[in-house]
Amino acid sequence: MRITPSYRFLQIISVETRGILISQAVNNIPGFSYEVIKTCPVTGARAGILTTPHSVIETPVFMPVGTQGTVKSMSQEELQDIDARIILGNTYHLYLRPGPKLVAEAGGLHGFIGWDRSILTDSGGFQVFSLSDLRKLTKDGVSFKSHIDGSTHHFTPESVIEIEHDLGADIIMPLDECIPYPADRDYAAKSCRVTEKWAARSKEAHEKIAGGRSVLFGICQGSVYPDLREKVVERMVEMDFWGYSIGGLAVGEAKDEMFDMVKVSTEVLPKEKPRYLMGVGFPDDIVEAVTRGVDMFDCVMPTRNARNGTVFTYDGKAVLKNAHQARRFEPIDPDCECPVCKKYTRAYIRHLFQAGEILAPRLATMHSIYFYLDMMRRMRQSILDGNFPEWREEFLNRFRGRQND
RNA sequence: GUGGCUGUAGCUCAGCUGGUUAGAGCGCUAGGUUGUGGCCCUGGAGGCCGUGGGUUCAAAUCCCAUCAGCCACC
């Protein structure tokens, strides 16, 4: 029998799963567990293992974004071959099309899209506030107009949990309010209270509806006000979620501000639970957030930028569309082990972009996702080896030092 | 051969009752992109206005000639 990469992966799972069965009781939901294996004593960076019924996820982890049930341009086999352990889906998009009931009939997202590893669904809170035309807070939720056909819809914390349950993800996010930046303090504070109330209702609905099939995170907001962030985190922790998300960042604030907000949040969050920084970010941003104790990330950066002709490497970003790539008959990164770098040249991929060929975004996306996953693996290994501070400095110097053009 | 139409940026074309520095879309080129609308945004380069002559203070624009392409007729 031919041993496929996915088969090899299954063998790894069974070994690792045995090792962490003991800790599952702590987290209280069968099939799900999270355990911190090692913490960097200097920075607070953590290496851990997050387990769902669908896969073992080594943290810190990057989760490729698959908004509409697909990581754009990639097949599920390809994602599996580069060893992605968990991908994202989006409630807003999948609710509007094809609809949660259809997905449920298909056996949930796992069955529908043919992905047997973990899935995390975002609540759609971000999209409702960033994408839909008209949105109005009501006393029980939010009304909005579809960006597809203009039809009116209504989300409540309860209905979103129900939709996400139909979608069948392993890890789910509650409906939250995402406010724009900049936001004045009063508005931010008021919004936080809305998100907190919704979080409490989401938790109650989740306990009633989900039946232990998924775990729910609490999303912490607070704009760029440290005291607000701290208070919100405290209250979310009191509600006792399975994990915690840090939301509302990377929306235009200065990077220092963003990292300060991450720090005040992770300092208050319980050490034994996973932390997820939503929507971040550039490779160096992720390293900085891991430094401050974050475990999980998602971002459109590697996929969207790839479609626009920019990929990431350890030497910074490389703009494949640039004219000077035309005769560079060499891989994107000669040291990269990804399927693209093993076979194709920058010159060829640039040609594909110039010609508008569908293979161009596919190859660029595959490389950049591989890079993000590989970067996370190396970072995790350095935490386990006890040399994360050195690894971090070397990575940042090299990545920020020059553009790989 | 005769009559008509058209020649303006790499491409498709605006501008043509004469009046700042000749424009647009696409393409090219360079930036941007942080819980994704394969999107979008922002810069830049690029024109002897087919060619030659004339009228005029002033011509892509009006006149003459000429060249090229297309159409119709012979």
Side-chain angles (χ1 to χ4, degrees), chain A residues 62-74 86-94 96-97 120-133 145-150 160 164 169 171-179 181 195 217-221 244-255 257-259 261-262 275-289 294 296-312 317 319-326 350 353-362 364-365 368-369 372 403 405:
Chain A
F62 178 78
M63 309 179 283
V65 177
T67 307
Q68 316 213 52
T70 162
V71 175
K72 293 186 192 302
S73 87
M74 302 287 292
I86 175 170
I87 60 174
L88 254 68
N90 185 274
T91 302
Y92 170 89
H93 288 279
L94 294 167
L96 289 177
R97 186 172 53 194
L120 180 154
T121 43
D122 185 23
S123 63
F126 185 83
Q127 282 66 35
V128 166
F129 292 97
S130 76
L131 202 59
S132 66
D133 290 334
K145 277 194 168 177
S146 159
H147 71 281
I148 298 169
D149 60 6
V160 166
E164 291 188 270
I171 303 172
I172 69 174
M173 299 296 128
L175 184 66
D176 65 331
E177 186 187 8
C178 297
I179 58 174
Y181 174 86
T195 294
F217 277 41
I219 304 180
C220 307
Q221 294 284 345
Y244 296 92
S245 301
I246 302 166
L249 292 175
V251 290
E253 77 282 6
K255 297 226 167 176
E257 261 181 325
M258 172 169 85
F259 297 132
M261 296 308 110
V262 169
R275 298 93 174 255
Y276 165 27
L277 178 56
M278 307 182 82
V280 173
F282 287 96
D284 49 337
D285 291 344
I286 290 178
V287 172
E288 294 287 21
V294 177
M296 301 163 68
F297 301 87
D298 80 283
C299 191
V300 302
M301 192 66 68
T303 42
R304 178 191 282 166
N305 278 26
R307 289 197 303 283
N308 289 333
T310 300
V311 293
F312 291 94
K317 68 174 188 186
V319 184
L320 296 178
K321 279 202 296 197
N322 280 357
H324 63 76
Q325 309 279 10
R350 167 177 150 86
F353 271 113
Q354 293 299 108
E357 282 293 338
I358 199 88
L359 188 57
R362 270 176 48 68
T365 299
S368 274
I369 290 182
Y372 265 68
Q403 185 170 312
D405 54 5

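Side chains included, hydrogens not; waters and symmetry mates left out as well; all remaining heavy atoms used. In the text below, chain A, chain B and the rest are named by the order of the sequence lines, each starting its count at 1.
Using the Watson-Crick or G-U wobble rule with both distances under 3.5 Å, B/rC49 pairs with nothing in any strand shown. Base pairing annotation: B/rA59 forms no Watson-Crick or G-U wobble pair, as no partner gives both donor-acceptor distances under 3.5 Å. The pairing partner recorded for B/rC26 is B/rG10, the criterion being a Watson-Crick or G-U wobble arrangement whose two distances lie under 3.5 angstrom. Pairing of B/rU21, defined by two Watson-Crick or G-U wobble distances under 3.5 Å, is not identified with any nucleotide. The nucleotide B/rG1 finds its pairing partner in B/rC73, both defining distances of the Watson-Crick or G-U wobble pair being shorter than 3.5 Å.
Between A/Asn90 atom CG and B/rG35 atom P the separation is 11 Å, expressed in whole Å. Taking atom CG of A/Asp122 as the reference point, atom P of B/rG37 lies 11 Å away to the nearest angstrom. In this entry the distance linking CZ of A/Phe282 with C1' of B/rG31 reads 12 Å, nearest Å. Rounded to an integer number of Å, the gap from CE of A/Met301 to P of B/rU33 is 6 Å. Atom OH of A/Tyr181 is separated from atom P of B/rU33 by 16 Å (rounded to the nearest Å). The distance from atom CG of A/Asp149 to atom C1' of B/rG37 is 13 Å, rounded to the nearest whole Å. Across the protein-nucleic acid pair, A/Gln68 atom CD and B/rC39 atom P stand 13 Å apart, rounded to whole Å. What separates CD of A/Glu177 from P of B/rG35 is a distance of 19 Å, to the nearest Å.
Nearest nucleotide to the side chain of A/Ser123, out of B/rU29, B/rU33, B/rG35: B/rG35. Out of B/rU34, B/rG35, B/rA30, the shortest distance to the side chain of A/Val280 is found at B/rU34. With distances taken from any side-chain atom of A/Asp298 to the nucleotides B/rU34, B/rU33, B/rG35, the minimum falls on B/rG35. Among the nucleotides B/rG35, B/rU33, B/rU34, the one closest to any side-chain atom of A/Asn308 is B/rU33. Closest to the side chain of A/Ala323, out of B/rG35, B/rU34, B/rU29, is B/rU29. The side chain of A/His147 has B/rG37 as its nearest neighbour among B/rG38, B/rU33, B/rG37. Residue A/Ser73 has its side chain nearest to B/rG38 when only B/rG35, B/rG38, B/rG32 are considered. With distances taken from any side-chain atom of A/Arg350 to the nucleotides B/rG38, B/rU29, B/rU34, the minimum falls on B/rU29. In the set B/rG35, B/rU34, B/rG31, the nucleotide with an atom closest to the side chain of A/Arg304 is B/rU34. Checking B/rG35, B/rG38, B/rU33 against the side-chain heavy atoms of A/Lys72 singles out B/rG38 as nearest.
Checked by atom type, the side-chain pair A/Tyr92/A/Asp122 shows no donor-acceptor distance below 3.5 Å. With hydrogens and angles left out, the side-chain atoms of A/Thr121 and A/Glu164 include a donor and acceptor closer than 3.5 Å.
For A/Asp176 against A/Ser123, the heavy-atom pair with the smallest separation is OD1-OG, 3.8 Å.
For A/Gln354 and A/Lys255, each mapped to the nucleotide of RNA chain B holding its nearest heavy atom, the one lying further toward the 5' end belongs to A/Gln354. Residue A/Lys321 is the one, among A/Pro174 and A/Lys321, whose nearest nucleotide of RNA chain B lies closer to the 5' end (criterion: closest heavy atom).
One N or O on the side chain of A/Ser146 and one on the backbone of A/Ile148 form a donor-acceptor pair closer than 3.5 Å. Judged purely by atom type and a 3.5 angstrom limit, A/Gln221 has no side-chain atom pairing as donor or acceptor with the backbone of A/Ile219.
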Begin from the C-alpha positions of A/Met278 and A/Phe217 and carry the test side chain to side chain contact (heavy atoms under 4.5 Å, CB included) through to its verdict.
-> CA-CA 12 Å; A/Met278 307 182 82; A/Phe217 277 41; over 6 Å; no
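Here A/Ile219 lies in heavy-atom contact (under 4.0 Å) with a base.
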